[in-house]
Amino acid sequence: MALSYSSEQEQIRGEARRFLEAAFNAEKQRRLLHARGGFDTDFWQACVNMGWTGAGVPEAFGGLGLGPLDVCILAEECGRFAVAAPFLAANYAAAIAINDHGSDAQRAALLPAIASGDARFALALFEDEDGLPQEPATRFRAGLINGRKCAVVGAAAATHALALTDSGVALVDLAKHVERHIGDTIDNSRCSGDLAFSNASGELLQGGAQALRLLAVQALVTAFEQIGGAEAAMARAQRYANTREAFGQLIGKFQAIKHRIAEMYVRNELARGNALLAATGLAEGAPDFIARSGAARLAATDAFEFAAAQSMQTHGAIGVTWEHDLHLYLRRARAQALELGSPLFWEDVVVDMLSGSAM
Amino acid sequence: MALSYSSEQEQIRGEARRFLEAAFNAEKQRRLLHARGGFDTDFWQACVNMGWTGAGVPEAFGGLGLGPLDVCILAEECGRFAVAAPFLAANYAAAIAINDHGSDAQRAALLPAIASGDARFALALFEDEDGLPQEPATRFRAGLINGRKCAVVGAAAATHALALTDSGVALVDLAKHVERHIGDTIDNSRCSGDLAFSNASGELLQGGAQALRLLAVQALVTAFEQIGGAEAAMARAQRYANTREAFGQLIGKFQAIKHRIAEMYVRNELARGNALLAATGLAEGAPDFIARSGAARLAATDAFEFAAAQSMQTHGAIGVTWEHDLHLYLRRARAQALELGSPLFWEDVVVDMLSGSAM
Amino acid sequence: MTDLAAYRLRARAFLEQHAESYGWDARRGLSLAQEVDLAKRWQGMKAAHGYACITWPTEYGGAGGTELEKIVFSTEEAKYGFPAGLLAITLGMPVPMMLHHATPEQKRRYVPPAVRGEEMWCQLFSEPGAGSDLAAVRLKARRDGDDWVLSGQKIWTSYAQFCDFGILVARSDPDAPKHKGLTFFFVDMKAPGVSVRPIKLLHEHEDVNEVFFDDVRIPDANRLGAVNDGFRMAILTLMMERYVAAASDDGPPLDALVQLARTRKLRGRPAIEDGRVRAAIAHAYATQRGLAAIHERALEELTAGREPGPEGSIHKLAASRARHAMATLALDLSGPSGVAYDRDAKTRTDYMMSWIDGPTLRIAGGTDEMLLNTIAEKILGLPQDHRPDKAPRGAP
Amino acid sequence: MTDLAAYRLRARAFLEQHAESYGWDARRGLSLAQEVDLAKRWQGMKAAHGYACITWPTEYGGAGGTELEKIVFSTEEAKYGFPAGLLAITLGMPVPMMLHHATPEQKRRYVPPAVRGEEMWCQLFSEPGAGSDLAAVRLKARRDGDDWVLSGQKIWTSYAQFCDFGILVARSDPDAPKHKGLTFFFVDMKAPGVSVRPIKLLHEHEDVNEVFFDDVRIPDANRLGAVNDGFRMAILTLMMERYVAAASDDGPPLDALVQLARTRKLRGRPAIEDGRVRAAIAHAYATQRGLAAIHERALEELTAGREPGPEGSIHKLAASRARHAMATLALDLSGPSGVAYDRDAKTRTDYMMSWIDGPTLRIAGGTDEMLLNTIAEKILGLPQDHRPDKAPRGAP
């Protein structure tokens, strides 16, 4: 196992953070909240320019061939600045699935397109229920797909989808025969909405590409985004507690405040431990990868929602205004808690794995 | 509704408290913890002398004919001093059941015996599962009862039982054909153990005496014992926080301490509100009595367990010693949380009532 | 039937008659400004029928009734969704302060129009840098002959953009200890130099404002209480209206959650059968019933002519926690589509709105931490936190 | 295979060979005194085979090995239930303090017998009235020629009834500020005037003691560190042994809870299908795996010659919460019969014992509150609480 970062990885992190710090624009992010299916094309172009879109794509297909931990570092830094990066996790999950289960033609066509930023994938798995559908209503017949997928992250701006159908996971070009139903969501920068397929053409991935595994990879990368967000929310609480005074002293001197921030730290570190374990599990092909990813998702969801809400509480009234940045994190935390399946669903995933397999 | 106490009731409370304060002997209570099925005969005799055993029995049968709220006041004060009073709740539930569903002969024989303290009832409802058994393995055939009832409060010293059998609730004389299996429990002063019936003779109560309703009455009285315990644990924390110093100041000045005690107060008051609502519901024959009693039990269990554990934490190391009184409350809290069915069971009861009936 | 029961029946008849024009249905789709307008008209209607400011003296437009009649009326009123909440501040704190501390003349001028819903008042206490810590206000009140000149800023002022007058605490002596240099005034919100800027909260509703005072001149007659006695006056203000009925503007009711749990599924079964959902529903029920019992008991005590116990002070803390837990679970149960957001929805009927309003609830009207401190100190007799701001000047 | 992997294999072989005589099975049913005896003999066995005090210099009986070898060995050792925990204090704090601060002669006298399990040490810090607040000790050390005379009381001293020596902090200057009047000593626990009285904890096990000092005379040579520098020495003591392997004396493992949930029923179905049980299992799993990852990462950092991060400091807080939640749920699942109590059961295998030990866990080795303060101040850079005990004398 390698649960600690190499110095190369620390460098990747440093560069990403410097870029994001300079690019961070809360005003723009608030504007995105008002745009249904809002997509930050400038940021996407920057990701292309920096090679981030190719980070998880094998070198043979024009990518950088980095491992999961490297991709996760980028995700964590993106989460820290709450940027609109709805394709980071899905593209990585898609690249792995296509590389492992795609045909030669699919690999040759799509992996370079992911690396170059021309392809943006959405994972279209859920229908109108909390968990993954056991019997998907979306049908695959003779290369044509019909049905509706709900609350797909990136739906508004994706070029391709991996869709769960009654016959397995299908690769779909979203250029035609697809209606995108994009409504307002708690965090419009997630670009989410429903995808309704009417005779959309698709190809099944071979070799048993599992929807749950796809989702687990997306959840792993998302967990790092969540951890980044949780740490940013905690850092803001620390800063505020160390500067704001009330009743003649720094508010950080009140145990209600300082213990709350310490509790954020406890949750954040538990989340990081689990997320590192899951990333290592993916890299090493660990048989319990899905349980690890589930634990990472639960811990990261808990950490992010706690840190965002409690950091807001630490700030008092100023924190609950539209003009303050904290609600970018609060909204993102709830959106990310729901969009890949609620905590209830993931608790069930973890227990199914534990009670089915040796621990 | 009458959710507030009358001045007569305040007098009953005052007398009870003065008696219990004078009689409180922590050393004796610790000794009872070492005696399997330990029963405090002195205290029982005192209850008889003061008329407490007859409090809930109609005057026509030699009792005081007091209402549920009065009985609950006694329970609360007993809980406050964590005395060994395992028959308080069961006797009251039995008196109501016999009065409502017994034959004239049963009423004439048993109600005066309850009032005089000669009869001590145990409710023998549970078998080896968490909730009330749906299909009790204990059989009633031609006046004879066979089967085993688990973790019956008061089993070691009861004279009679109301036992749930496959044919309904039966009244059983425990004088013979009953084996009492009394092991150590977390709080031996609860006198609990298993009752194994081998051809014990019994009589069914008539008119659909419901086991769940019996249990709900026992739970209601117990909720007031729990509230008394919770308030006592809180009072000890208040006192300690107001006298103990650390780091040059009263520990009550630290928000970690003072907010914790305030949280006890919040839980205690929620429990009291629910318990009063349930007592009124019993007095008035409210159709939602079982839901009210369930909510009272959940809130009181939560309040008592929280107060006992957090009061201990407030005391630091001195609180976790055998010689300190606090573990009398901690043990009692856990025993009472389990012995009438765990919180899991009662959550289910409440939801069954809510989703079955109009709220 | 008791007099009070008869009163309840009469009130209910009055309320039912007007529910269609002023209740939930009438409010659907209104902007905040339109709701304020409706609320003022509803107040006028109540005044015309003797249901406005029920306990206040008839001399100033009140109904001269009893505390219990007031509580009965507000409890009934809350059931129909009347917009009374929008005037709760006006009639809950500023105008009562006028009633207690203004001159008879001033009372005759200011109280009746407020009772009739013609004029609205706000309360200008918080400042940037002085939230929970009320005594830290810095807005300056400089004496100038018979006048005072106000300069500085207030914040979090509810509905200031619609208000005609406000009560305000300002620093009149910058050299006195923190708690001792404040004075209390009422001000004309339309006076020259007063400007109001709405603040968007998380759900982008503009319930609160920043208010700037740029050398605003007010006569000394606008002072309430003695010079430099403003901190005490501010605390008196906050102690007003102790037994108000539970706020009507709540989250969706528990029934709605039970219904949602019946229709949504978890692991292929109705969610209502899932233990996590059952636990949440059972505990929310217990919290709500417990609070309802506490409220009911307070009424009984008042009926019996006794002072209710202090346990009502747990209401906001416990109710907002239960509401937030229910909203979060409801969203979790809605699956990935739970992310949907309708910016025009109301917290009373929409779980997402209820959820996003949660953090504001924990802060507005006393943060959770301040409420716990109050319970600990005022009810349980625990010592006050270390308070260097109360130390004599010059001490470390 | 790396050297370390080879070391692990050798260690495992050694441990397997002795597991039957010293591990879980051998300990079943032993009294505390018998367990202590077994622990001392096991220590002797380890010393004979180069596995005792692995990082300490060979000169004093150690194995002269690396930090990583030590961690590998203790991790493996914990799996078999060896009674190493009973000497964890002796070898974790008092004797290392001797190793760092005693004279070479003293080290030669005291360290090797402890390494061989022949002598046991305790740590005498807490007093009645000075628990978390270490600097509040009052036990007096009065200088008398070349000697010191100790009088006063210590409390919560683990295993004092079995110990030969102890380290101790005492008030040598009653007039100096609180933190500045303390001096650090080691004492002979068998000296005249020392008396030990065991304290029963909640489960009635006598793990801790009161220790009384009645004019106990010790030579100045028994002083460690400078006169009046005892507070710093005591803090140094507490900072020892930062990267100890996770405690072996834990509650029942998660597997056992999963198994219990498979056999117990809720609403007629296996409890493992109930959402409440599933939530608890999933979150306990996440906590345990998260802590395991943090531990593993610290080892990797040490391997790479780097200082591990501070996140290890969350271990006790998070682990004890998870353990208590699991024990409580397991009892709830057991139904009314869950009240059963076996006073000889061990916390490692019995949920009731694990449950009743929960409150002690939250206090021993630093209360939850002190741990949160430490995280907040030392890791997150938040300010210290108000500390009047650090104010200069005479100030308010």
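Per chain, numbering begins at 1; letters A, B, ... match sequence-line order.
In this structure, chain B has heavy atoms under 4.5 Å from both the backbone and the side chain of Leu380(C). Contacts of Ile379(C) with chain B are made by side-chain atoms alone, with heavy-atom separations under 4.5 Å and no backbone atom involved. If you measure heavy-atom distances from Asn373(C) to chain B, the contacts under 4.5 Å come from both the backbone and the side chain. Using a 4.5 Å cut-off between heavy atoms, Ala291(B) contacts chain C through both its backbone and its side chain. Using a 4.5 Å cut-off between heavy atoms, Leu276(B) touches chain C through its side chain atoms alone. For chain B, the nearby part of Ala318(C) is the side chain; its heavy atoms alone come within less than 4.5 Å. With a threshold of 4.5 angstrom between heavy atoms, Gln259(C) does not approach chain B through any atom at all.
Using a 4.0 Å cut-off between a side-chain N of Lys or Arg and a carboxylate O of Asp or Glu, Arg18(B) and Glu21(B) do not qualify as a salt bridge. Ion pairing of Arg276(C) with Asp332(C) is absent here, as no side-chain N (NZ or NE/NH1/NH2) approaches a carboxylate O to less than 4.0 Å. Under the 4.0 Å criterion applied to side-chain N and carboxylate O atoms, Arg272(B) and Glu231(B) are assigned as salt-bridge partners. Under a 4.0 Å N-O distance rule, the pair Glu76(C)/Lys79(C) qualifies as a salt bridge.
Among the candidates Gln249(B), Met234(B), Glu263(B), the residue making the largest number of heavy-atom pairs closer than 4.5 Å to chain C is Glu263(B). Between chain B and the residues Ser313(C), Gly290(C), Ala304(C), Ala261(C), the largest count of heavy-atom pairs under 4.5 Å involves Gly290(C). Contacts with chain C were tallied for Arg267(B), Glu269(B), Gln238(B), His259(B); His259(B) has the most, counting heavy-atom pairs under 4.5 Å. Ranking Leu250(B), Val350(B), Leu270(B) against chain C, the residue ahead of the rest is Leu270(B), based on heavy-atom pairs under 4.5 Å.
Side-chain contact check for Arg323(C) and Ser354(C): at least one donor-acceptor pair (N or O, by modelled atom type) lies under 3.5 Å. Side chain to side chain, Thr301(B) and Gln226(B) meet the donor-acceptor criterion of an N or O pair below 3.5 Å.
Ring geometry, His315(B) versus Tyr240(B): the interplanar angle falls under 30°, so the pair is classed parallel (tilted spans 30 to 60°).
Closest heavy-atom contact between Asn242(B) and Gly381(C): ND2-O, 3.0 Å.
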